[in-house]
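These notes are about the structure you will find just below.
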Protein chains: 2
Amino acid sequence: MLDDNLAQKIKDSKYRLTSQREAILEVMVANRGKHLSAEEVLQKARDEHPLIGMATVYRTLDILASMDILHKSMFDDKFRYELCDNDRHQHHHIICLSCGAIAEVQEDLLHILEEHLEKKGFRVLDHDLKLYAYCPECCQRQKNLAR
Amino acid sequence: MLDDNLAQKIKDSKYRLTSQREAILEVMVANRGKHLSAEEVLQKARDEHPLIGMATVYRTLDILASMDILHKSMFDDKFRYELCDNDRHQHHHIICLSCGAIAEVQEDLLHILEEHLEKKGFRVLDHDLKLYAYCPECCQRQKNLAR
DNA sequence: ATCGCTGCAAAATCTTTGCAAGTTA
DNA sequence: TAACTTGCAAAGATTTTGCAGCGAT
């Protein structure tokens, strides 16, 4: 079942709400909080819409990102997309170098940095912070192996 | 003229110091502080070594990055490489959305964030912060146009 | 003389684009 | 109907790989 707000947002835009776009939106909503690649979106969207093509997926994801419905960023050498979540605005990613798990960090220390830069004449619009770490589970596993 | 330290570092490693590797190192040293793509490195390296191939460039850049001589990161949808600078360790990138200029930020606010994560059981090894902004020059140009 | 390294070409990925046909408002 | 959208296939772009021959130690 698709979030009416998002469907409406598209109807109100210059874009048309097609069954393919609806299917892709549903996939993104159903996977809230996950960072899906175009390939993953394609596979999941095909459950609902078996004939959908990759070009449509890329085109739709880019439209949704330009409408601030999705956030597009680069992980693992490819673009990944996640549903924007208005409640948790400033979140950063912490990527486990061992298992690849992606956790999120809510801390908002970057405002201080951004204010500093604004004083120097920059106008900061966005940022992207990735932390590379071993996650608690992998740290534990490494300790167990060492025993 | 190539930094003897770096040439020596390769000689001391399991890798051989070939004329191609030397040429690539020289390019990176001559462009200290810049973020070069493989293609750009290839073009510059060919001034010195006209027959060098792209595969060699990629292979060498990856070796140098694995030795912590270069830092590899993704900008503008491709990998870019820059010489590691021991004096300015924690630096972040601020990318102008208008002219594409890349400035660097030395502020080191991330330690606080990393300590917080360490307490939660992560072991943080590296981070990558990109800020997207309009640079002071482009801000000024926009103001001038508006007049 | 080894064993590593190189250049070339081909392959592998990921992403974008052209176009004829189908669909939406 | 008019304009937008789709799927397919082809093209683009970046990066990696296989291999025969070359080169460093």
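Per chain, numbering begins at 1; letters A, B, ... match sequence-line order.
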Check your understanding: Just checking, any donor-acceptor pair under 3.5 angstrom between side chains of His92(A) and His127(B)?
Key -> no

Point to revise | Leu61(B) CG to dT16(D) C1', straight-line distance once rounded to whole Å | key: 14 Å

Study note, to complete from the structure: Rounded to whole Å, CD1 of Ile63(B) lies from C1' of dT16(D) at a distance of 14 Å

Point to revise | Start and end of chain B contact along DNA chain C [non-hydrogen atoms, under 4.0 Å] | key: dC3(C) to dC8(C)

**Study point:** Plane angle bin for Phe79(B) and Tyr81(B) - parallel if under 30°, tilted between 30 and 60°, otherwise perpendicular
**Key:** tilted

Practice item. Check whether any side-chain N or O of Lys130(B) sits under 3.5 Å from a backbone N or O of Met74(B) as a donor-acceptor pair, and report yes or no. Key: yes

Review point. So which one's nearest nucleotide on DNA chain C is more toward 5', Asp77(B) or Arg46(B)?
Key: Arg46(B)

**Study point:** Contact pattern, 5' to 3', of nucleotides 18-25 of chain D - B, S or - by protein heavy atom under 4.0 Å
**Key:** B----BB-

Exercise for review: Check the distance between dT15(D)'s P and Lys78(B)'s NZ and give it to me in whole angstrom.
Suggested key: 8 Å

**Study point:** Close side-chain approach of Leu129(B) to Val105(B), heavy-atom, < 4.5 Å
**Key:** no

Exercise for review: Could you tell me the separation between the CG atom of Asp62(B) and the C1' atom of dT17(D), rounded to a whole number of Å?
Suggested key: 13 Å

Exercise for review: Using the side-chain contact (heavy atoms from CB on, under 4.5 Å) rule, take His93(A) and Glu82(A) through it: C-alpha gap first, then chi angles, then the decisive distance, then the call.
Suggested key: CA-CA 12 Å; His93(A) 295 114; Glu82(A) 68 175 315; 3.2 Å; yes

**Study point:** Residue pair Leu6(B), Met28(B): steps toward the side-chain contact (heavy atoms from CB on, under 4.5 Å) verdict
**Key:** CA-CA 11 Å; Leu6(B) 294 179; Met28(B) 298 312 296; over 6 Å; no

Practice item. Grab the CE-P distance between Met54(B) and dA13(D) for me, whole Å please. Key: 13 Å

Review point. For the pair made of CD in Glu39(B) and P in dA13(D), what is the distance, rounded to whole Å?
Key: 11 Å

Review point. Do side-chain atoms of Glu118(B) reach the backbone of Val124(B) as a donor and acceptor pair under 3.5 angstrom?
Key: yes

**Study point:** Rounded distance (Å) that lies between atom P of dC8(D) and atom OH of Tyr58(A)
**Key:** 16 Å

Practice item. Could you check Glu40(A) against Lys34(A) for side-chain contact (heavy atoms from CB on, under 4.5 Å), going step by step and ending with a plain yes or no? Key: CA-CA 11 Å; Glu40(A) 289 165 341; Lys34(A) 289 192 196 153; over 6 Å; no

Check your understanding: Separation of Tyr81(B) atom OH from dT14(D) atom C1', in whole Å?
Key -> 10 Å

Practice item. For side chain to side chain donor-acceptor pair (under 3.5 Å), just list the numbers for His49(B) and Glu26(B), CA-CA rounded to whole Å, side-chain angles, deciding distance to a tenth of an Å, and then say yes or no. Key: CA-CA 11 Å; His49(B) 205 300; Glu26(B) 285 183 30; over 6 Å; no

